[in-house]
Amino acid sequence: MPELPEVEWYRRYVEGTALNQRITAVNVRDAKPLQQSEEEFQQALVDHQFVDTDRVGKYFFLKLDTGTWLLMHFGMTGEPVYYRDTEDEPRFVRVEFVLENGFKLALNDPRKFGKLELVPDLEAFLKSKKLAEDALKVTEADFVARLGKKKKAVKSALLDQNLAAGIGNWIADEMLYLARIHPEVKAHTLTQEQLRTLHAVLQEVLEVALEYESDYDNFPDKYLTKYRWAEDKDIQGQCPCGKTQLERIVVGGRGTYFCPLCQKN
DNA sequence: TCGCCTGTTCGGCT
DNA sequence: CAGCCGAACAGGCG
């Protein structure tokens with residue numbers, strides 16, 4: 001479930017497990033995630049070790065002892081997994097890094113939208129992707145200035161990774177719900193106050209998601225996300241306001257949930 | 001069986 | 001050229 005908070009938890013997980021072990025082999029079960037040749041991966045990784053991690057938005061980086069970085073991008077369904085025994089291996093492992101201690105770090109990814117890429121120059125890479133600062137670090141002034149210029153639906157504008165890196169589909173919906181803004185309003189028509197509010201609720205949503213490890217059932221009662229995916233059928237799909245059902249529309253090609261009563265403009 | 005899906009990229013418009 | 005939009009990628013799941 002990889003938006004910024006999920007990827008941050010993945011980063012902590014990998015940092016706590018897979019660093020400082022010599023890589024003894026790279027097993028490529030499916031080469032699709034590899035952005036360079038398998039030979040280049042073997043050469044860059046085998047007999048080296050991961051020594052550090054970094055993250056910008058949804059992009060997770062593992063630093064090698066050579067100074068080169070390995071990017072893991074999780075796409076829609078990817079996740080890092082760390083295991084030793086075959087029976088603990090998940091079902092959709094694409095690429096597996098075997099470590100000297102007998103454990104393996106792998107990219108598990110049913111839908112195969114994930115990517116692994118060798119990145120010699122991190123700064124140049126981020127620039128080439130036009131990636132903004134991480135959403136946890138973007139200043140209110142930068143956020144307001146950039147968002148206020150976009151001519152498209154605010155929902156789509158929030159998903160641009162050159163606005164604030166790491167905002168994904170559910171976070172955008174949650175931000176708009178908490179700010180009481182309709183997802184199809186054009187971003188450049190928002191007031192300065194609305195733009196500032198969006199920056200504030202972004203920080204709040206990220207904080208909550210990190211605290212609860214994106215376990216939506218534990219989210220505060222005022223959060224739309226809690227109802228969107230509620231297990232409890234009695235509240236599933238309701239607005240937290242309790243007065244109506246959430247509506248689903250498509251904005252910029254993405255499923256978008258909002259409350260027709262709470263988000264009127 | 002059909003529709004849905006938490007991300008990114010690319011071709012084609014305007 | 002910049003911004004915007006829709007389609008495409010792939011496959012499990014309810």
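By convention in this document, chain letters (A, B, ...) are assigned in the order of the sequence lines, proteins followed by strands, and residues within each chain are numbered from 1.
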**OP:** Please work out whether the ring planes of A:Trp170 and A:Phe219 are parallel, tilted or perpendicular, with thresholds of 30° and 60°.
**Re:** tilted
**OP:** For A:His182 and A:Phe258, run ring pair (Phe, Tyr, Trp, His ring centres under 6.0 Å): C-alpha distance rounded to whole Å, both residues' side-chain angles, the deciding distance at 0.1 Å, then the answer.
**Re:** CA-CA 7 Å; A:His182 191 287; A:Phe258 74 104; 4.6 Å; yes
Original post:
Taking atom P of C:dA2 as reference, at what distance in whole Å does atom NZ of A:Lys152 sit?
Top reply: 15 Å
Original post:
Under 4.0 Å between a side-chain N or O of A:Lys151 and OP1 or OP2 of C:dG3?
Top reply: no
Subject >> Interatomic distance where CZ belongs to A:Phe92 and P belongs to B:dC5 [whole Å] >> reply: 19 Å
Original post:
Is there a side-chain contact between A:Phe60 and A:Tyr10 (heavy atoms, below 4.5 Å)?
Top reply: no
Original post:
If you pin A:Arg91 and A:Lys32 to their nearest nucleotides in DNA chain C, which one's is more 5'?
Top reply: A:Lys32
**OP:** Answer with base, sugar-phosphate or nothing: what part of the nucleic acid does A:Lys150 contact at a heavy-atom distance below 4.0 Å?
**Re:** sugar-phosphate
Original post:
With a 4.0 Å cut-off, would you call A:Arg12 and A:Glu8 a salt bridge?
Top reply: yes
Original post:
Within this structure, what is the CG-to-C1' distance between A:Asn169 and B:dC4, rounded to whole angstrom?
Top reply: 12 Å
Original post:
Between B:dG7 atom P and A:Leu71 atom CG, what is the distance in whole Å?
Top reply: 15 Å
Original post:
With a non-hydrogen cut-off below 4.0 angstrom, is A:Lys149 in contact with a base, only sugar-phosphate, or nothing?
Top reply: nothing
Original post:
Side-chain N or O of A:Lys129 less than 4.0 angstrom from OP1 or OP2 on B:dT9?
Top reply: yes
**OP:** To the nearest Å, give me how far apart CD (A:Glu3) and P (B:dC5) are.
**Re:** 13 Å
Original post:
With respect to the phosphate group of B:dT6, does any side-chain polar atom (N or O) of A:Arg228 fall under 4.0 Å of OP1 or OP2?
Top reply: yes
Subject >> Options C:dC4, B:dG7, C:dG12, nucleotide nearest the side-chain atoms of A:Phe113 >> reply: B:dG7
Original post:
Can you tell me if the side-chain N/O atoms of A:His73 get under 4.0 Å from OP1 or OP2 in B:dG7?
Top reply: no
Original post:
Do A:Lys222 and A:Glu204 meet the salt-bridge criterion of a basic N to acidic O distance under 4.0 Å?
Top reply: yes
Original post:
Given B:dT6, is OP1 or OP2 found less than 4.0 Å from the side-chain N or O atoms of A:Tyr257?
Top reply: no
Original post:
For the side chain of A:Gln161, counting heavy atoms from C-beta on, which of C:dC4, B:dT6, B:dT8 is nearest?
Top reply: B:dT8
Original post:
A:Phe74 near the nucleic acid: base, sugar-phosphate alone, or nothing, with a heavy-atom cut-off under 4.0 Å?
Top reply: nothing
**OP:** Using Watson-Crick or G-U wobble geometry with both distances below 3.5 Å, tell me the partner of B:dT14, or none.
**Re:** C:dA2
Subject >> Closest listed nucleotide, where the reference is the side chain of A:Lys58 and the choices are C:dC13, B:dT8, B:dT6 >> reply: B:dT8
Subject >> Distance in angstrom units between A:Asn162 CG and B:dT8 P, rounded >> reply: 11 Å
Subject >> Length of the CD1-P vector between A:Ile249 and C:dG6, whole Å >> reply: 12 Å
Original post:
Taking only side-chain nitrogens and oxygens of A:Arg248, does any of them come within less than 4.0 Å of OP1 or OP2 of B:dC5?
Top reply: yes
Original post:
Are A:Lys115 and B:dT8 close enough that a side-chain N or O sits under 4.0 Å from OP1 or OP2?
Top reply: no
Subject >> A:Arg254 vs B:dC5: side-chain N/O to OP1/OP2 distance below 4.0 Å >> reply: no
Original post:
In terms of side-chain heavy atoms, does A:Asn169 have a donor or acceptor partner in A:Lys155 at a distance below 3.5 Å?
Top reply: yes
**OP:** Quickly work out the A:Leu159 CG to C:dC5 C1' distance and round it to whole Å.
**Re:** 13 Å
**OP:** Sticking with atom P, work out how far C:dG14 lies from B:dT6, rounded to a whole angstrom.
**Re:** 15 Å
